[in-house]
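This chain uses plain numbering: 1 for the first residue, then up along the sequence. All values reported here derive from a predicted model rather than from experimental measurement.
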Amino acid sequence: MTRARWTLSAVTLCVLWLIGALLVVPRMQRELETAAQHTLDQQSTLFQRLGRLRLAFDGQQAHLSGSVRTIQDRLTIETTVRDLVRAPTPLTASLGLRLNPVSVVYNEIEVAPYPPGWMLLAATGTRARLSGTAANDYEARDLTRSVQESWSVKGGVAEGTLGTDGDNHDEAANVSTTLRGLPSPQQTVQAHLARIGQPWREISLQQPAETLQDEARALGVSDSEWQHHLLPALNELRDAWQLQSLAEAESSRLARLPPGHLFVAVRDQQVIMRGEIGSAAMKRAILDDALRVFAPRRLIDEIRLSPRRRPTGDFGPITTALLPLEKEPNGKSFFLSLSGDAWKPVDWQIASAGQPWKKDLPVGLDPAELQGDSATLIDWLQGTDKVMPVPAKPQPAVITLALFGSKAILSGQIAEAALHAQLIAAARQAYAPRILVLSDELRINGNCQPASNAFHTLKSLPPPPPAHSAGSFAIATPGSTWTLIPVTNELVEAGGLAKSKQLPADIPAALIEALSAEAIEQLRLWISNFKFQISNH
């Protein structure tokens, strides 16, 4: 073979090699990548788990990189590419054969799991609702059961279950931190959020929604989950928290009021109960017990109701220990009780201006509040008249009506039982079924002025206010037209009715306020709700 032929053969070989390198090899690599990707897509265990995988071929050598969620995914991908890929090679294409042309697999895939799911524990007192998202049904079931059991062991009741989202979350490696750190039930509204496997974080419901969303996003809550699941739950909890805060503020306000006081004076066959307390229900209970215990003596009710007194705290029990000793047929007795305290004997054989009970008063209760009652009863115990003077003038009849939300509260006093029934029936006909008519505070008092004709009052009941308004307050005497008084923050404070200057001139404001104390208290709680913005102008 001559040198010229050797040279031609070498040049021809180089040309063929270049043609293969430039045309055949790249085409084969593309076919291998396509075949490998198709084979991976056919694996059910890898469905929607290859989004971060990078696959490339250098000749027949496979290079795997990127990241997957589990070590099992990494091994499955490597095995699939090494053993299951089928594609034609330059030597077998003419024969129609599809063999596994992969010679080597270089696996540089990183294992990078998706973040675990999240849980929200929304509790109102001991009752809690669990919500959130787990990676799969097994994790959701186990976590739900564990949280409910732990909350129950701590004295609460938990409801709700976790949802699943395996496309965006993986199982937590260890959930013991989350389960051990489960908060305990409290007598308050509370919200706790946790990424599964991490400690719980208490959510401050006072923060704006944007801040809460940032906190939730940092714990794995997606924007969609925030909008459709977490935000509605937090809004409901925030409403409960605000109502609880208002109730606590109101309870604190009432606790700062001075306690009520009640004197019991007994002489011969008369018993006088005189004082000032803050609850109509408390007064009814006291009088019921007194009528039973003191019978057959005559009981004279001189108990006043005032919103300036604390409506909580029971007085001492009414017993025969408050009566004079049996060996003293004409004996006398004098006792004092403050709400929340027992009965204590009081010396009545002193000057009426004396204050023998002063040492027993708590801080905040002015002795002047008791002085008038004490002096009147000491004069009666030391006097010769048989009973307390009874006012010659009958008490005025008056009716008040508080309308708000789904309630209509009738209050006041009238002389006739028939008119009492007619008023309740007329109110129910006017306001049912949306509004519940309450009439416990509308009393029949035989010492009231009789009503001549109440037809106009029955037929002119005020219209019901809108469901989501501050409501309305009305006042009338039997036979007159109802007078509507705007509901404001000032109206529901102590003395607010008198300051409105819209009360009947011939009826004492103190009497109307005492008769309407419960309705005014209910109105105060209603307009204190954060949903209402009441104008005082």
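Looking only at distances, a side-chain donor or acceptor of Ser150 sits under 3.5 Å from a matching main-chain atom of Ser146. Between the side chain of Arg292 and the main chain of Leu287, no donor-acceptor pair closer than 3.5 Å is present. Between the Glu416 side chain and the Ala451 main chain, a donor and an acceptor come within less than 3.5 Å of each other. For Ser516 (side chain) and Glu513 (main-chain N/O), no donor-acceptor pair under 3.5 Å exists by modelled atom type. Between the Glu518 side chain and the Asp440 main chain, no donor and acceptor come within less than 3.5 Å of each other. A donor-acceptor pair is defined here as one N or O able to donate and one able to accept, closer than 3.5 Å; such a pair exists between the side chain of Thr457 and the backbone of Gly479. A donor-acceptor distance shorter than 3.5 angstrom exists from the side chain of Ser469 to the backbone of Pro466, with no hydrogens or angles considered. Listed for the Gln270 side chain is no donor-acceptor partner under 3.5 Å among the backbone atoms of Ile300. Under the 3.5 Å distance criterion, the side-chain polar atoms of Thr376 are matched with a main-chain donor or acceptor of Gly372. Judged by distance alone, the side chain of Trp380 and the main-chain N or O of Ala265 form no donor-acceptor pair under 3.5 Å.
Counting heavy atoms from C-beta on, the side chains of Leu323 and Arg297 come closer than 4.5 Å. No side-chain heavy atom of Val492 sits less than 4.5 Å from a side-chain heavy atom of Trp526. Side-chain contact between Ile399 and Ile475 is absent, with no heavy-atom pair separated by less than 4.5 Å. Pro362 is listed as a side-chain neighbour of Pro259, based on a closest heavy-atom distance under 4.5 Å. No side-chain heavy atom of Ser472 sits under 4.5 Å from any side-chain heavy atom of Phe404. When side chains are defined from C-beta on, Asp341 does not count as touching Phe315, because their heavy atoms never get closer than 4.5 Å. Between Leu336 and His261, some side-chain heavy-atom pair lies under the 4.5 Å cut-off. Side-chain contact between Leu365 and Leu370 is present, with heavy atoms from C-beta onward closer than 4.5 Å.
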(message) Is there a side chain to side chain contact (heavy atoms under 4.5 Å, CB included) between Leu121 and Leu182? Walk through the geometry before answering.
(response) CA-CA 9 Å; Leu121 191 66; Leu182 185 72; 3.9 Å; yes
(message) Go through it in stages, so that I can follow the logic: the residues are Thr481 and His456, the test is side chain to side chain donor-acceptor pair (under 3.5 Å), and I'd like the CA-CA distance, side-chain angles, deciding distance and then a yes or no.
(response) CA-CA 7 Å; Thr481 303; His456 182 72; 2.7 Å; yes
(message) As a quick check of understanding, evaluate side chain to side chain contact (heavy atoms under 4.5 Å, CB included) for Leu503 and Ile485, giving each step before the final call.
(response) CA-CA 9 Å; Leu503 303 183; Ile485 303 177; 4.2 Å; yes
(message) Test side chain to side chain contact (heavy atoms under 4.5 Å, CB included) on Leu219 and Arg201; report intermediate values, then the result.
(response) CA-CA 9 Å; Leu219 294 178; Arg201 179 183 301 177; 4.0 Å; yes
(message) Between Trp200 and Thr178, does the side chain to side chain donor-acceptor pair (under 3.5 Å) criterion hold? Intermediate values first, please.
(response) CA-CA 6 Å; Trp200 293 90; Thr178 305; 5.5 Å; no
(request) Test Gln207 against Glu215 for side chain to side chain donor-acceptor pair (under 3.5 Å), laying out the working first. (result) CA-CA 11 Å; Gln207 299 182 80; Glu215 290 187 14; 3.2 Å; yes
(request) Go through Glu159 and Arg127 one step at a time and tell me if the salt bridge (charged side-chain N to carboxylate O under 4.0 Å, His left out) criterion holds. (result) CA-CA 8 Å; Glu159 300 174 343; Arg127 302 193 66 87; 3.1 Å; yes
(request) Check the pair Gln422, His420 against side chain to side chain donor-acceptor pair (under 3.5 Å), reporting the backbone distance first and the verdict last. (result) CA-CA 6 Å; Gln422 290 172 347; His420 183 272; over 6 Å; no
(request) Evaluate side chain to side chain contact (heavy atoms under 4.5 Å, CB included) for Arg238 paired with Leu212, printing each intermediate quantity in order. (result) CA-CA 12 Å; Arg238 192 198 303 268; Leu212 293 178; 3.6 Å; yes
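Shortest non-hydrogen contact noted between Trp357 and Ser374 is NE1-OG, 2.9 Å. Residues Val264 and Met273 come closest through the heavy atom pair CG2-CE, 3.7 Å. When all heavy atoms are compared, the tightest approach of Ile424 to Ser439 is CD1-OG, 3.3 Å. Between Pro396 and Gln413 the shortest heavy-atom distance is O-NE2, 3.0 Å. Minimum heavy-atom separation, Leu484 to Ala474: CD2-CB, 3.8 Å. Taking every heavy atom of both residues into account, Ala498 and Ala509 meet most closely at CB-CB, 3.6 Å.
Other residues, nucleotides and ligands contribute only 12 or fewer heavy atoms inside 6.0 Å of the CD atom of Glu236. In Lys154, the NZ atom is crowded: over 12 heavy atoms of neighbouring residues, nucleotides or ligands sit closer than 6.0 Å. Surrounding CG of Asp314 are at most 12 heavy atoms belonging to other residues, nucleotides or ligands under 6.0 Å away. In the displayed structure, Gln429 atom CD is contacted under 6.0 Å by at most 12 heavy atoms of other residues, nucleotides or ligands.
Using a cutoff of 4.0 Å between basic side-chain nitrogens and carboxylate oxygens, Glu441 and Arg443 are scored as salt-bridged. In this structure, Lys501 does not pair ionically with Glu490, as no charged nitrogen and carboxylate oxygen lie closer than 4.0 Å. Ion pairing of Lys332 with Asp268 is absent here, as no side-chain N (NZ or NE/NH1/NH2) approaches a carboxylate O to less than 4.0 Å. Using a 4.0 Å cut-off between a side-chain N of Lys or Arg and a carboxylate O of Asp or Glu, Glu369 and Arg308 qualify as a salt bridge. A salt bridge links Arg304 to Asp373: at least one charged side-chain nitrogen sits closer than 4.0 Å to a carboxylate oxygen.
The CD1 atom of Ile527 lies 12.5 Å from the CD atom of Gln522; values are rounded to the nearest 0.5 Å. Note: Thr400 OG1 to Leu442 CG = 8.5 Å, rounded to the nearest 0.5 Å. In this structure, CD1 in Ile520 is found 4.5 Å from CG in Leu497, a value given to the nearest 0.5 Å. Taken from CG in Leu143 to CG in Leu130, the straight-line distance is 8.5 Å, to the nearest 0.5 Å. Interatomic distance, Ile409 CD1 to Leu438 CG, rounded to the nearest 0.5 Å: 5.5 Å. Rounded to the nearest 0.5 Å, atoms CG (Leu322) and CZ (Phe294) are 5.0 Å apart.
In this model, no donor atom of one side chain and acceptor atom of the other lie less than 3.5 Å apart for Gln395 and Gln449.
If you look at Phe263 and Phe335, their ring centroids are not closer than 6.0 Å.
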